Amino acid sequence: MTLETPQQLPSAYDPASVEQRLYQKWLDAGYFTPTIDPAKRPFVVIQPPPNVTGELHLGHAQRATVEDALTRWHRMLGDAALWLPGLDHAGIATQVVVERELAAEGLTRHDLGREKFQERVWDWVGKSRGRISEQHRRLGVSCDWSREVFTLDPRPSRAVRHTFVNLYRKGLIYRGERIINWCPRCATALSDLEVEHRETDGNLYYIHYPLANGNGRLTVATTRPETLLGDTGVAVNPEDPRYAAFIGKDVVLPVLGRRIPVVGDEAVETDFGTGALKVTPGHDPTDFDLGERHGLPIVTVMHPNGAMNAEAGPYEGLDRFQARIQIVEDLQRDGLLELVEDHRHAVGHCQRCDQVVEPMVSKQWFVRIAPLAKPALDVVRDGTVRIVPERFTRIYENWMENLRDWCISRQLWWGHRIPVWYCGACDQEIVEYEDPDACPHCGSRDLTQDEDMLDTWFSSGLWTHSTLGWPDETEDLGYFYPTSVMETAHDILFFWVARMIMLGIENTGKAPFHTVFLSGLIRDVEGAKMSKTRGNVLDPLDAIDQYGCDALRFALTVGNAPGNDARLGASKLEAARNFANKIWNAARYVARAMEEADDLTGWSDPPAVHLEDRWIKSSLNRLVARVNRQLEDYQLGEAEQSIYEFLWSEFCDWYIEAAKVRIRSADGPSPVPMLVHVLETTLRLLHPFMPFVTEEAWSNLVARVPRERELAPSIMVAPYPVADASAFDDAAEDAIASVREAIRLVRNARAEFRIPPAQPLELLVDPGAPQSALEAEAPLIRALARVEPLRFLEGRDQLPTTGAATAVVGGAVMAIPLEGLVDIGAERMRLSGELADAQQALERLGARLSDAQFLEKAPEEVVERERDRQRATEERKARLQELLTQLSE
RNA sequence: GGGCGGCUAGCUCAGUUGGUUAGAGCACUUGCUUUACACGCAAGGGGUCAUAGGUUCGAGUCCUGUGCCGCCCA
């Protein structure tokens, strides 16, 4: 590749011409695949596998950026960094998507049959995978594509099979008639987590249940009157004086006329409704528990599709919502409906298809959760697993302490099939690692496999180890497990993270990672969740086309605190794009300075002799220290902010501008080696976040540099910067700060008095101190403030007393003679104001420093800092007073 | 009903062992074709950190109460 001259480089950074080329270069070099090396420390991130049928959205892009940044950082630290990508078959989500497609053709999955339907899904998967993969690559992710896994691949499927069999044999998986959440649209059971509760306007119906003996009646309140068809009791609180006498008697179920008992139970809330509760064990989870306590029978009144069944008597065949209307009418007719109230309450909806979910008793497979939850709780409590940000630890604990058994069977056709066979001859359940040919109990070949599929999250829960080869003792598993950081969105803490911890410990004996890093959700500018129906979805690829990958990555992560939701809009993307362009142009400038410099010797660690060099080197090393600290503490957004500020406001705004002055005058040591050094270091610091522009700029720099140290072939395998504390230089930083202040004051006066930028100004300075930084930096002040002549005075009495803009910087006094422009009275007013400020500050400082408590209790360095400030403020006050006296003469 | 989070400049947000005069981006005002960058440069305006108490030498930061907004769980 021939090196372009700096002049040939475009003046605006063009991401499109860089990104694909560099990504290919990294792929070809094999940087994304770590080598298993016992001498190295492994760093492992397992990617949360996106749904195979979905497209990546900005949330994925943000998480990918965080995961990539962590991986790139560790790779540069010299770790064996593995970021393992994958895809999730997403059972119910995918099935719903494909069923919708079928519905558009007027078909259901039953028209196709199980096999054809599965083929159809695989077709869809094939199309979708390519898109997801393309999106990921465009995001610049450095994941190891050679290890990419799909949840339905043979290896993870084997892990699913082994886990199921092991848990079954330990008695931790069982089949039973329990109350579950049923989606009539999807015709499948759902776990508690897959139900979304939404506040909905409904009614509360007060219904009379006459006593069987004809002496009165009980009135119950319900939001779902149609379920009374499945009532097998009425419950009241035994402490409730209104109803105590009813316990043990029978009431007559309206409409159906069935006799059902009244039972006493403490769980009944006396102040909800009438205080009497109809008990429907077949269609309500609390009633199920209650019914179990009192031995009440279970009656299920609905078909799986939500229509009423034979138990519903005259309502058989009606849809559940029609049945509700009909029953209410009938109750009214019979005079059994006391009243109907408006009532707002939470109604469960299917997470995937939004239908109202029906609690229903059904025969399903469950995981016994308590024995798994205990160790998973312990590892978080004892710090083996750290959750970032910390506040989610409590949320995790609360949830884990209140878990019900996990319903894992789904009446779907897409996913991992439940590995249980039933023998037609002896009726035994057969659960083996390999598919059985014959019944091990009776030898019969009349075997049928369970029709159901496993909850997707069952396989996801194994992801940290199934991707590395478990249950086999593979080299990958031995080296990379347990993994390091699990980064994911906080909304799947329970769905996924908790189950990974439970099943990771269960299968391997070890917690699957040491850190959980939870990201917030990405919202649109208005703060709304992005969704297709709202039409506010921003495709990551569009954003990349428009602003560039680095800009998107930066915009998605800069300044974000872990776990907090963030909004993204055009202005943030523009700011990020501008930053990429700033870096590009800084690099372009430095490259040009290099071409024109005679000697770049020492660039890799230039000695800091000149005050400006001492300052920038000190400042750079403080930045490096800070960024390392922030990364170690997972404050990625802050780290980016730090780099942004240094690069733009320190390096570009001041060091480069100062360097130009020195280069032009050819006076003193050349700043070019330092320019190269600072930029090269900062690019490495930033690379994990903005991989492309840093690589491109870095390559352009190092291609022009003498080989003073071994140079990596790519910034992504170059070492991450380490701070050199010996470069810290407070004196230089203070000195440059006062020079900057002086320049700012001159520019300020120029703006205030409307003096054209090109017109030089005379500046008189009484430096005050013998070794003033203002004197040392006179050329810089001349150039950046457009000062000519700049004269340093012997004594204050030489300062002009009229018609001058004046200011105090540290111990120095400056005056810009502006006869005829400056109103001396206004000038005096301004200085008096400053004097008053100084006086006020001194009073505060004096009070603090004379407080014995403060002196005794505050740390030494804080006291010392206050003393320094007091000294400086006193000096400033003295100078201001002198100046004012002079002006009033 | 229980829990969590937010309330900081016009807007969006940082601010992690409590320690300068509380920061950034965007927006705003003024002026600039200054040969790296107008995706830029310079100067500037703008905040009693929701509220009431408390702890402390010192509170945006810790504690308690209150108000509004959002989320999670039941």
Side-chain angles (χ1 to χ4, degrees), chain A residues 6-7 9-13 192-193 196-197 269 272 285-286 346 389-392 394-395 397-399 402 490-491 493-494 520-521 523 525-527 529 547-548 551 555 558-572 574-593 629-630 633-635 637-638 640-642 644-645 648-649 652-653 656-657 660 743-752 754-758 783-786 837 840-841 844-845 847-849 851-859 861-863 865-866 868-869 872-873:
Chain A
Q7 288 75 14
L9 297 171
S11 71
Y13 173 59
D192 293 342
L193 274 176
E196 286 181 357
H197 293 273
E269 289 177 43
F272 179 80
T286 28
E390 204 190 344
R391 66 173 185 271
F392 283 98
R394 286 252 328 259
I395 298 175
E397 289 177 359
N398 283 343
W399 190 76
N402 296 298
H490 64 65
D491 59 346
L493 178 63
F494 304 141
L521 273 34
R523 299 170 176 280
V525 207
E526 312 292 328
K529 223 168 171 170
Y547 300 98
V558 69
N560 270 165
N564 286 2
D565 293 356
R567 300 183 188 196
L568 184 73
S571 81
K572 205 161 185 185
E574 279 165 21
R577 176 204 57 191
N578 295 353
F579 181 46
N581 190 55
K582 190 73 181 177
I583 296 161
W584 175 253
N585 275 290
R588 225 159 52 96
Y589 173 74
V590 172
R592 216 177 79 180
R629 199 171 54 236
Q630 286 164 332
D633 214 15
Y634 296 96
Q635 298 181 59
E638 280 292 289
E640 287 171 278
Q641 194 75 51
S642 303
Y644 181 98
E645 275 169 29
W648 201 310
S649 310
C652 288
D653 286 354
I656 287 185
E657 293 308 314
K660 287 178 185 171
I743 292 169
R744 215 200 82 233
L745 285 167
V746 176
R747 286 169 168 172
N748 186 355
R750 186 187 291 281
E752 192 182 332
R754 302 189 174 276
I755 295 151
L784 296 193
R786 290 255 170 156
D837 289 347
Q840 219 180 346
R844 231 182 17 246
L845 287 163
R848 193 173 298 175
L849 285 167
D851 182 340
Q853 296 261 45
F854 173 71
L855 296 176
E856 190 191 326
K857 291 182 181 169
E861 67 216 51
V862 172
V863 176
R865 205 157 51 218
E866 296 291 285
D868 285 347
R869 205 174 302 146
T873 314

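As the structure is a prediction and not an experimental result, all values here were calculated from the model. Only this structure's heavy atoms are used, side chains among them; waters, hydrogens and symmetry mates stay out. The sequence lines fix the lettering, A, B, ..., with proteins before strands; numbering per chain opens at 1.
- Atom name C1', nucleotides B:C4 and B:A43: the rounded distance is 45 Å, in whole Å.
- B:U20 sits 24 Å from B:G10 when the P atoms are compared, rounded to a whole Å.
- Residue contacts for A:Ile656: at a heavy-atom cut-off of 4.0 Å it reaches a base atom on one of the strands shown.
- Residue-level contact check: A:Asp837 touches neither bases nor backbone, having no heavy atom under 4.0 Å from any strand.
- The gap from the C1' atom of B:G67 to that of B:U29 amounts to 36 Å, rounded to the nearest Å.
- A:Arg750 has its CZ atom 14 Å from the C1' atom of B:C41, to the nearest Å.
- Rounded to an integer number of Å, the gap from CG of A:Leu9 to C1' of B:C37 is 13 Å.
- One finds a side-chain N or O of A:Arg567 lying less than 4.0 angstrom from the OP1 or OP2 phosphate oxygen of B:C13.
- Defined by atom type and a distance below 3.5 Å, a donor-acceptor pair is present between the side-chain atoms of A:Gln635 and A:Asp633.
- What separates NE2 of A:His490 from P of B:G70 is a distance of 16 Å, to the nearest Å.
- Across all strands, A:Glu657 comes closer than 4.0 Å to base atoms (heavy-atom distances).
- Nearest nucleotide to the A:Ala586 side chain, out of B:U16, B:G19, B:A36: B:A36.
- Contact check on A:Glu574 versus A:Arg577 returns no salt bridge, with no Lys/Arg side-chain nitrogen under 4.0 Å from an Asp/Glu carboxylate oxygen.
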Contact state string [nucleotides 43-48 of chain B, B base, S sugar-phosphate only, - no protein heavy atom under 4.0 Å]: SS----

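- Remark: the separation of the C1' atoms in B:U55 and B:C68 is 27 Å, to the nearest Å.
- In terms of the side-chain hydrogen bond (donor to acceptor under 3.5 Å, both in side chains) criterion, A:Asp837 has no residue partners (sequence neighbours excluded).
- Residue-level contact check: A:Asp851 touches the backbone only, with heavy atoms under 4.0 Å from sugar-phosphate atoms and none from bases.
- For A:Lys582, a side-chain nitrogen or oxygen approaches OP1 or OP2 of B:C41 to under 4.0 Å.
- Between the CZ atom of A:Arg848 and the C1' atom of B:U21 there is a distance of 11 Å, rounded to whole Å.
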Letter per nucleotide, 5' to 3', of nucleotides 3-8 of chain B [B base touched, S only sugar-phosphate touched, - untouched; heavy atoms, 4.0 Å]: SSS---

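- Looking at residues two or more places apart in sequence or on another chain, you find no salt bridge (charged side-chain N to carboxylate O under 4.0 Å, His left out) involving A:Lys582.
- Comparing the P positions of B:A24 and B:G45 gives an interatomic distance of 12 Å, to the nearest angstrom.
- In terms of position along RNA chain B, the nucleotide closest to A:Ala858 lies nearer the 5' end than the nucleotide closest to the other residue of the pair A:Ala858 and A:Arg754.
- For the C1' atom pair drawn from B:U61 and B:A22, the interatomic distance equals 11 Å after rounding to whole Å.
- Note on A:Glu861: nothing from the nucleic acid sits closer than 4.0 angstrom, heavy atoms only.
- Under the 30°/60° scheme for interplanar angles, the aromatic rings of A:Phe392 and A:His490 are found to lie parallel.
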Verdict with reasoning, A:Arg786 to A:Arg750, per side chain to side chain contact (heavy atoms under 4.5 Å, CB included): CA-CA 10 Å; A:Arg786 290 255 170 156; A:Arg750 186 187 291 281; 3.1 Å; yes

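- The residue among A:Gly637 and A:Arg786 whose nearest nucleotide of RNA chain B lies closer to the 5′ end is A:Gly637.
- Taking atom CD on A:Glu866 and atom C1' on B:U21, their separation rounds to 11 Å, with Å as the unit.
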Strand RNA chain B as a dot-bracket string - pairs counted if Watson-Crick or G-U with both distances under 3.5 Å, | where the partner lies in another strand: ((((((((.[[[[.)...(...]]]].(((((.......))))).....[[[[[..)....]]]]]))))))).

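- In this structure, A:Arg592 reaches the B:A36 phosphate: one of its side-chain N or O atoms is under 4.0 Å from OP1 or OP2.
- Classification of the A:Trp648-A:Phe579 ring pair by plane angle, with boundaries at 30° and 60°, yields parallel.
- To the nearest whole angstrom, the two P atoms, one in B:C63 and one in B:G6, are 11 Å apart.
- One finds a side-chain N or O of A:Trp648 lying less than 4.0 angstrom from the OP1 or OP2 phosphate oxygen of B:C41.
- When the P atom is compared between B:G60 and B:G18, the two are found 13 Å apart, to the nearest whole Å.
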Taking N or O atoms only and anything under 3.5 Å, show me the protein contacts with nucleotides 22-26 of chain B, one pair per line.
residue: B:A24; atom: O2'; partner: A:Gln641; partner atom: NE2; Å: 3.1

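- Cation-pi contact between A:Lys660 and A:Tyr589: present, with separation from the ring centre below 6.0 Å and deviation from the ring axis of at most 45°.
- Rounded to an integer number of Å, the gap from A:Asp653 CG to B:A42 C1' is 10 Å.
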